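Owing to the predicted nature of the structure, the values given are computational and were not obtained by experimental measurement. Remember, it's 1-based here, ligands and their atoms both numbered in the order they're listed. Position 1 is the first residue of the sequence, and the numbers go up from there.
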Amino acid sequence: MSRMSDTFIHEPVMLDEILSVFADMNDGVYLDATLGGAGHASAVLSAHPGVSLLGIDHDDVALAAASLVLTDAGLGGRATLRRARFDSVSRVVAEEGIGSLAGALFDLGVSSPQFDVAERGFSYRFDAPLDMRMDRSQSISADSVVNGYDEYALADMLRRNADEKFAGRIARAIVTARPIRSTTHLSEVVVSAIPAPARRRGGHPAKRTFQAVRIEVNAELDILPGALRDTIALLAPGACLAVLSYHSGEDRIVKSVMRAAETGNCTCPSHLPCGCGAVRTVERVRVSREATREEQVRNPRSTSARLRVVRKLSVVKATK
Ligand SMILES: C[S@@+](CC[C@H](N)C(=O)[O-])C[C@H]1O[C@@H](n2cnc3c(N)ncnc32)[C@H](O)[C@@H]1O
């Protein structure tokens, strides 16, 4: 009989690098805010017998698969799994009676199975209704965005979420072609809106539009800064936050939140001592930013991965 964990196959990205980040983690609670198929989480738990897991995901299919993986590995007894969006991390941590975190990981975006299950509507590779909800209990879907946003809002979304060069042309084509009910129809409309020479460059021409709609449906960029700030506040002294992002919009946010915590938002000129009272709460941890060539060849999803890590300071230090 096929088990859900056999069909939810997602190779954890930069696993060796993540294990190195948490190599000297103290015993306590480790947060995986994007549990997925528990690939990273089960490896981290196996390496740290004194650590327990708080695993969060807003996708019920991912959580069910993660639960099987952890149980099969004999790690279920050390894992608490919660269906939640990661912007409710503070509430979930408080409800579980956890004081502080020994470490935390965000591995952003979509898992391979979410892309590969046709009816979830994430991919232009399969014909499916326009869905793209990671949390299938929410009402906003790709259909509501594609058929509900006006032309200006669509163009703005395409630029904001995917740096799409042809945002205006694509938005106009979408509005003209509505109603658009399927992934195939959306993909055809986008392809027809892009000039022929540009269609032949840089992968599938609809890739960026699908990414932009997915990010919009799941409010991925809106909730990220607050979730990262809340998690930094919850880290125990010496604990690390690691974030894997997969496109420039995400990475910009991660960099800016980490930089703000690292500098305490100090506004003083760099050649003068700090007089603005800013306090820094983390230090940057130097790590390989990208997957190795060998991993990129083995797992194409790792090609766009960017890793950033900060460590909570034991004593909050003045900025300079
Ligand atoms: C790239 S996968 C994580 C894979 C995981 N690290 C592993 O090794 O199996 C990202 C997961 O995060 C979840 N996710 C994305 N955004 C989320 C959010 N805002 N709140 C909670 N879960 C989220 C997705 O449903 C997906 O299962």
Side-chain angles (χ1 to χ4, degrees), residues 4-19 21-22 30-47 53-70 72-73 75 79 81-93 103-117 120-122 131-138 140 161 211 214-231 241-247 249-250 253-254 291 295 299-307:
M4 196 171 314
S5 59
D6 299 331
T7 53
F8 196 104
I9 295 167
H10 175 95
E11 183 175 345
V13 169
M14 298 184 74
L15 180 59
D16 289 344
E17 290 82 354
I18 296 296
L19 287 172
V21 166
F22 295 112
Y30 163 79
L31 167 74
D32 189 323
T34 52
L35 187 64
H40 287 112
S42 50
V44 170
L45 278 192
S46 299
L53 168 73
L54 174 61
I56 292 178
D57 204 295
H58 57 177
D59 182 338
D60 49 354
V61 178
L63 278 178
S67 173
L68 283 177
V69 167
L70 291 162
D72 281 356
L75 301 166
L81 308 191
R82 290 283 304 264
R83 180 174 176 190
R85 249 173 46 160
F86 54 52
D87 53 337
S88 44
V89 60
S90 305
R91 176 176 56 76
V92 173
V93 164
L105 171 68
F106 284 63
D107 176 19
L108 298 170
V110 183
S111 62
S112 308
Q114 287 167 329
F115 268 129
D116 293 342
V117 175
R120 300 207 61 175
F122 282 108
D131 188 338
M132 302 198 198
R133 290 169 303 163
M134 291 194 210
D135 173 358
R136 289 182 296 174
S137 66
Q138 76 176 37
I140 177 167
N161 293 351
Q211 173 186 310
R214 186 203 86 216
I215 288 172
E216 193 73 7
V217 167
N218 297 291
E220 290 176 36
L221 300 188
D222 301 343
I223 64 175
L224 185 56
L228 294 178
R229 280 193 291 267
D230 290 351
T231 304
L241 165 66
V243 185
L244 279 165
S245 62
Y246 294 89
H247 61 87
E250 278 175 350
I253 292 173
V254 178
E295 181 175 358
N299 180 11
R301 190 182 145 69
S302 69
T303 310
S304 57
R306 297 291 176 272
L307 176 62

Subject >> Heavy-atom closest pair, residues Gly36 and Ala66 >> reply: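 Smallest interatomic distance, heavy atoms only, reads O-CB, 3.4 Å.
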
Subject >> Side chains of Leu53 and Leu70 in contact at under 4.5 Å (non-hydrogen atoms) >> reply: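 Yes. Closest side-chain heavy atoms under 4.5 Å.
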
Subject >> Close side-chain approach of Asn161 to Gln211, heavy-atom, < 4.5 Å >> reply: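 With C-beta onward as the side chain, the pair stays apart.
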
For ligand 1, is there an atom lying under 4.0 Å from some heavy atom of [X]?
X	result
Leu108	yes
Leu105	no
Ala41	no
Leu244	no

Original post:
When you look for heavy atoms under 4.0 Å from ligand 1, do you find them on the side chain of Ala227, its backbone, both, or neither?
Top reply: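 Under 4.0 Å from ligand 1, Ala227 contributes no heavy atoms.
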
Original post:
Should the proximity of His40 to ligand 1, defined as any heavy atom under 4.0 Å, be assigned to the side chain, the backbone, both, or neither?
Top reply: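 The part of His40 near ligand 1 is both the backbone and the side chain.
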
Original post:
What about Asp57: any of its N or O atoms under 3.5 Å from an N or O on ligand 1?
Top reply: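 Yes; the residue has a nitrogen or oxygen that sits under 3.5 Å from a nitrogen or oxygen of the ligand.
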
Original post:
Can you find an N/O atom of Asp59 closer than 3.5 Å to an N/O atom of ligand 1?
Top reply: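 So ligand 1 has no N or O lying under 3.5 Å from an N or O of Asp59.
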
Could you list which atoms of ligand 1 come closer than 4.0 Å to a heavy atom of [X]?
X	result
Ser111	2 (S)
Ala62	27 (O)
Arg301	1 (C)

Original post:
Is Asp131 paired with Arg133 through a side-chain N to carboxylate O contact shorter than 4.0 Å?
Top reply: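 Looking at Arg133 and Asp131, the cut-off is met.
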
Original post:
Taking 4.0 angstrom as the limit, do Arg214 and Glu220 come out as a salt bridge?
Top reply: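 Answer for the salt bridge query: yes.
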
Original post:
Just one of Leu307, Thr303, Ile18, Asn299 clears the side chain to side chain contact (heavy atoms under 4.5 Å, CB included) bar with Val13, so which one?
Top reply: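 When side chain to side chain contact (heavy atoms under 4.5 Å, CB included) is applied between Val13 and each of Leu307, Thr303, Ile18, Asn299, only Asn299 qualifies.
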
Original post:
Under 3.5 Å, is there a donor-acceptor pair between the side chain of Glu295 and the main chain of Met14?
Top reply: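 Answer holds: yes.
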
